Amino acid sequence: MTLRYKITPIDSIRYQLTVVQGSPEYLRQRSSYYLGRGLWLALWAYALVISVVFVKSLPAALVLAGLLVFQLRQFLPFDSHLQRLFLERYGSAVVKQLELKVDSGGMTESEGDVIFFAPWSSVQRVAIKDDLLLIRIKSGQHIVISRHSLEPHNISLESVLEDISSRLQLSQGMGEAAFK
C-alpha cells in the first residue's frame, strides 16, 4: 500500500498538542497557568469589592471593573494558550509532501530524497486520535497522517489503521492462528 499525504503547519501544531497532552509536564504547566491566572482574577475581584464596599468610590470601582473584565478576556483555556505558542513556533513551517509505503518488511516514509525506514519490529503503537493517524516508533519518532490530507481521498484512516495493525500482528508472530 502506498499513501501520499501532506503535513501542514496546522497538522504539526495538532500533532504537538496530541503528544504533550497527558504528560506530567503538560499537567504541571496547566496547573501553574491556571493558578497564576486565577490569582490575578481573585486579586482584581478583591480590589473591586474593597473599592465598592469600603471606599465607595465610583471612578475607582469602574476602573477596577474594567481591569477585571480585561483580565477575564485574557483568561484563555490552556490548550488555546498552547496553540498560540505552537503557532509562533510552527506557523512558518512549509507544507511537506510525503509518501508512505507499507509492505511486509515495514514502513518507508519519504519526502523527496529523504527516506525514513521503520521495520515492523520498531513500531510500538498505531492509533487514531481525533483525525490523526499516529504511528509511534521505538526511537520516539512518530509518523503522522491527517485524515484530510490523504491522497487519494477515498482511503479512510480506519482502513489504513486496520492494514498496518494486521501487518504488525503478522510480523510479531501473532497471525490468524493466535486469534482462533
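All values derive from a computational prediction rather than experimental measurement. Worth knowing before you read on, the calculation uses all heavy atoms, side chains too, and leaves out hydrogens, waters and symmetry mates.
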*asked:* Using the side chain to side chain donor-acceptor pair (under 3.5 Å) criterion, which residues pair with Ser121? Sequence neighbours excluded.
replied: none
*For Phe117, side chain to side chain contact (heavy atoms under 4.5 Å, CB included) partners two or more places apart*: Thr108, Pro119
*Please name all residues satisfying side chain to side chain contact (heavy atoms under 4.5 Å, CB included) with Ala118, sequence neighbours left out, ordered by chain then number.*
Phe116, Ser122, Ile137
*Sequence neighbours excluded, every pair satisfying salt bridge (charged side-chain N to carboxylate O under 4.0 Å, His left out) that has a member inside residues 100-111*: Glu99-Lys101
*How would you list, by chain and number, every residue that makes a side chain to side chain contact (heavy atoms under 4.5 Å, CB included) with Val52, sequence neighbours excluded?*
Leu48, Ala61
_Partners passing side chain to side chain donor-acceptor pair (under 3.5 Å) against Ser165 (at least two apart in sequence or in another chain)_ = none
*Can you tell if the side chain of Met107 reaches within under 4.5 Å of the side chain of Ile135, non-hydrogen atoms only?*
yes
*Mind checking who shares a hydrophobic cluster with Ile115, ILVMFWY linked at side-chain heavy-atom distances under 4.5 Å?*
none
_Who clusters with Leu35? Use side-chain heavy atoms, under 4.5 angstrom, across I, L, V, M, F, W and Y, and order the result by chain and number._
Leu39
*List for me each residue that meets side chain to side chain donor-acceptor pair (under 3.5 Å) alongside Arg136, sequence neighbours excluded, and say none if there are none.*
Gln124
*Enumerate the residue pairs fulfilling salt bridge (charged side-chain N to carboxylate O under 4.0 Å, His left out) with a member in residues 137-147, sequence neighbours excluded, ordered by first and then second residue.*
Arg147-Glu158
_With clusters defined by side-chain heavy atoms of hydrophobic residues (ILVMFWY) lying less than 4.5 Å apart, directly or transitively, does Leu150 cluster with Met1?_
yes
*In chain order, what residues pass the side chain to side chain contact (heavy atoms under 4.5 Å, CB included) check against Ile50, with sequence neighbours excluded?*
Tyr46, Phe54
